[in-house]
Amino acid sequence: MPKYKLEYIWLDGYTPLASLRSKTQIKEFASFPKLEQLPMWGFDGSSTQQAEGKNSDCILKPVAVYPDITRKDGVLVMNEVMMPDGKTPHPSNSRATIPDDPDTWFGFEQEYFFWKDGAPLGFPEGGFPAPQGPYYTGVGFKNVGPIARKLVEEHIDTCLAAGINLEGINAEVAKGQWEFQIFGKGSKNAADQMWVARYILTRLCEPYGVDIEWRCKPVLAPFNQPLDWNGSGMHCNFSTKHMREVGGKAYFDKLMAAFNQYRDEHIAVYGPENHLRLTGLHETQSIDKFNFGLADRGASVRLPHSFVNNGYKGYLEDRRPNSAADPYLVAGRIVKTIQLVPTT
Ligand code: ADP
Ligand code: MN
Ligand code: MN
Ligand code: MN
């Protein structure tokens, strides 16, 4: 029987920005293991801000499994963190608390910076490159810098081989900034894929001395004044069965009224430091406003042309979540607000 390398992945207890952690367990299976075959496991929560030293055990509960082509017989196992009883979700376990609905579909657009030696990859030492303009969807060393293309290509291949619905990639507006898109059905499934895609990317960068900067506004001028460099978002595109099949202006208006009413609750889970990014500049709406607009990239929620042309049917794009947001909480909040709005 082959010995599989099970990489157990989880989120640590650091706030406001949790990091991914992982460790390997070797186990024999007759063939590629199914989720039900994977045992719970433990880790030292006192080293991850998830427990006190004297009672330090936390439990890992497997929730999703993906093949890992970067290793022979490799398996990526996404986990929820549980209390020592194995039944109670740990307070840091956001996945356990969110509503799920397999008919709600999500498309996350994850923007991020490749980061090397304290600056975006490709920035000259101690300074800034030419202003933004040529970098978005750019080609050529002077626009995308070193290594980035190789990394995003490896990321695509590793995600696809894992069965993750990665739908595309592109170089973004700032130098060293890129995006990938993940599609999933159901808030937990979509966000599991997102976290594992983040994990894969972060790990692929290690041999190159490169990190991923997930924070939403990492390039700031002195005195904390944002320079003319874009921040990173994690736009959340979403649709329910009702939006896809029935839709209509009346329902849309009710939905947007609820999004307006719960603006603060949404912003609370749309990622740390978002006031630095949602300024009203750089294709964002300001953090204290809520609006929507047709094809409007300066709106909180953008309606694609297809949505309006099809009689307010299809998907919407919430542009406010940022690159460092927890996709479990983002998707969960969107489902929560949708569930408050009657479809009739
Ligand atoms: P943008 O023009 O904002 O850069 P992208 O092409 O990067 O758009 O991303 C669009 C996203 O919308 C993709 O992640 C895709 O999966 C998602 N999407 C498309 N159709 C739907 C749908 N019906 N429900 C939810 N998400 C969808
Ligand atoms: Mn995009
Ligand atoms: Mn983008
Ligand atoms: Mn977008």
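The chain is numbered in sequence order, starting from 1. Both backbone and side-chain heavy atoms feed into the values below; hydrogens, waters and symmetry mates do not. One-based numbering, in listed order, for ligands and for the atoms of each.
Using a 30° and 60° split on the angle between ring planes, Tyr135 and Trp229 fall in the parallel class, below 30°. Ring planes of Tyr112 and Phe180: tilted class, angle from 30 to 60°.
Note that atom 8 (O) of ligand 1 has protein non-hydrogen atoms nearby, at separations under 4.0 angstrom.
Ligand 1 places these atoms under 4.0 Å from at least one heavy atom of Ser239: 22 (C), 23 (N), 24 (N), 25 (C). Which parts of ligand 1 touch Arg302 is read off a 4.0 Å heavy-atom cut-off, strictly below it: atoms 1 (P), 2 (O), 3 (O). Residue Gln181 approaches ligand 1 through these ligand atoms, each under 4.0 Å from one of its heavy atoms: 7 (O), 14 (O). Distances below 4.0 Å separate heavy atoms of Glu179 from the following atoms of ligand 1: 7 (O).
Within Glu179, the N, O or S atom at minimum distance from the Mn ion (ligand 2) carries the name OE2. Note on Glu109: its N/O/S atom closest to the Mn ion (ligand 2) is OE1.
Nearest protein heavy-atom contact of atom 14 (O) of ligand 1 is Gly107 CA, 3.5 Å. At the shortest separation from atom 10 (C) of ligand 1 among protein heavy atoms lies Asn237 ND2, 3.8 Å.
Checked against a 6.0 Å centroid threshold, the rings of Phe252 and Phe307 count as neighbours. Between His266 and Phe259, the distance separating the two ring centers is shorter than 6.0 angstrom. Aromatic ring centroids of Trp214 and Phe113 lie 6.0 Å or more apart.
With the Mn ion (ligand 3) as the vertex, atom OE2 of Glu111 and atom OE2 of Glu172 span an angle of 100° (nearest 10 degrees).
Here the shortest heavy-atom distance to atom 20 (N) of ligand 1, taken over Phe183, Phe238, Phe180, Tyr315, belongs to Tyr315. Across Glu317, Lys313, Arg297, heavy-atom proximity to atom 2 (O) of ligand 1 is greatest for Arg297. Which of Glu172, Arg319, Glu167 comes nearest to atom 13 (C) of ligand 1 through a heavy atom is settled by distance: it is Glu167.
Here CD of Glu28 is found 11.0 Å from CG of Asp73. Values are rounded to the nearest 0.5 Å.
In this structure, Lys23 is positioned above the aromatic face of Trp41, its NZ or CZ under 6.0 Å from the six-membered ring centre and within 45° of the axis.
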